[in-house]
There are 2 protein chains.
Amino acid sequence: MSDCEHAKIEKIEVADSELCERAAAIFRALGDPNRLKLLCLLSKKELCVSELTQILADNVPAVSQRLKLLKLERLVKQRRQGKHIFYRLADAHIQLLIENGLAHGSEPTTDSNEE
Amino acid sequence: MSDCEHAKIEKIEVADSELCERAAAIFRALGDPNRLKLLCLLSKKELCVSELTQILADNVPAVSQRLKLLKLERLVKQRRQGKHIFYRLADAHIQLLIENGLAHGSEPTTDSNEE
DNA sequence: AAAACACTCAATCAAGTGATTGAATGATGT
DNA sequence: ACATCATTCAATCACTTGATTGAGTGTTTT
């Protein structure tokens, strides 16, 4: 710990813990390249598991398992149509989050002023 | 794999892989409640390790280690002033991402229309 | 220069995560 | 009803991650 006296620390409220938990869970779900690619594709078009599998050149259970997690975190919704189950983003907020994340990721590594 | 023929699949471009990796790394860093709380605090005010430790009622090495990871992912920057090392968010994009994430996390669990 | 303070580093260890495989479910066509 | 196709489930296993502890680095004060 520390000895130093920091003035007015009481004034800074620590953020709502439950909210942070929930938000972190969403970020965690977005924090895997494979899942993020899935979401990127779904942000353009509703797609079924076999389509996603084909596009990503992956295997079906892997894709399905990732979608399951994304569904659990309410980032995607599903809709059955005959033999196929189509997935799409849950809402516009998710889309925005993904866009912002990708936008930041593509920034020129802001090493302008300091360390 | 699958037998079914999905038309026009070629037309859907898979997102840039490196970009997804980078964006996912950012999301992953945001995807932990402890780190997210740190960032929330830093989004309000530049703070040093001992202040953060005190506010979060945690121990110094734990906080320091989290900040190290956040620095590695370029989400925060640091500045030394005497004995203290002050941390702040790296840029406005990060702030936006955090705000969006928290905003979505606080949504009323959109269970309106479908499963 | 020695002591005190703020912080980081390094190593260990427990717990969580994701890939993979084969089996199960659910819908359609014959 | 049976076979087939699309998807999910379940279980194992390797790998990663984060907490914790004690030692180390850099800065100020006396």
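Below, read A as the first sequence line, B as the second, and so on, with proteins coming before strands; counting in each chain starts at 1.
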Once each nucleotide of nucleotides 20-30 of chain C is scored for protein heavy atoms under 4.0 Å, what B/S/- sequence comes out, 5' to 3'?
BBB---SSS--
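- Distance CD (B/Q54) to C1' (C/dC7): 15 Å, rounded to an integer number of Å.
- What separates CG of B/L36 from P of D/dG18 is a distance of 13 Å, to the nearest Å.
- To the nearest angstrom, P of D/dT16 lies 19 Å from CZ of A/R28.
- The side chain of A/Y87 places no N or O atom within less than 4.0 Å of a non-bridging phosphate oxygen (OP1 or OP2) of D/dA6.
- Looking at the side chain of B/L69, the nearest of the listed nucleotides D/dG18, D/dT8, C/dT8 is D/dG18.
- Residues A/S106 and B/R22 are not in side-chain contact: their nearest non-hydrogen atoms beyond the backbone lie 4.5 Å or more apart.
- Between A/S64 and the phosphate of D/dC9, there is no side-chain N or O to OP1/OP2 separation shorter than 4.0 Å.
- What separates CG of B/L38 from P of D/dG18 is a distance of 13 Å, to the nearest Å.
- Under the side chain to side chain donor-acceptor pair (under 3.5 Å) criterion, A/E21 pairs with no residue, sequence neighbours left out.
- Overall bending of the helix from C/dA1-D/dT30 to C/dT30-D/dA1, expressed as the angle between end axes built from five pairs apiece, is 30° (10° steps).
- Residues A/R88 and A/R79 form a side-chain contact, since some pair of their non-hydrogen atoms from C-beta on lies under 4.5 Å apart.
- The side chain of B/K68 sits closest to C/dC9 out of C/dC9, C/dC7, D/dT7.
- Residue B/L52 contributes atom CG, which lies 15 Å from atom C1' of C/dT8 at whole-angstrom precision.
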Show me, pair by pair, the donor-acceptor contacts under 3.5 angstrom made by side chains of residues 23-35 of chain B, not counting sequence neighbours?
unit_1	atom_1	unit_2	atom_2	d
B/R28	NE	A/G31	O	3.2
B/D32	OD2	B/N34	N	3.0
B/D32	OD2	B/R35	N	3.0
B/R35	NE	B/A29	O	2.8
B/R35	NH2	B/R28	O	3.2

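- Taking the side chain as every heavy atom from C-beta outward, B/L42 and B/L52 approach each other to under 4.5 Å.
- Under the side-chain hydrogen bond (donor to acceptor under 3.5 Å, both in side chains) criterion, the residue pairs touching residues 92-102 of chain B are A/E107-B/H93, B/Q95-B/E99, with sequence neighbours excluded.
- Applying the side chain to side chain contact (heavy atoms under 4.5 Å, CB included) criterion to B/A62, with sequence neighbours excluded, gives B/D58, B/N59, B/R66.
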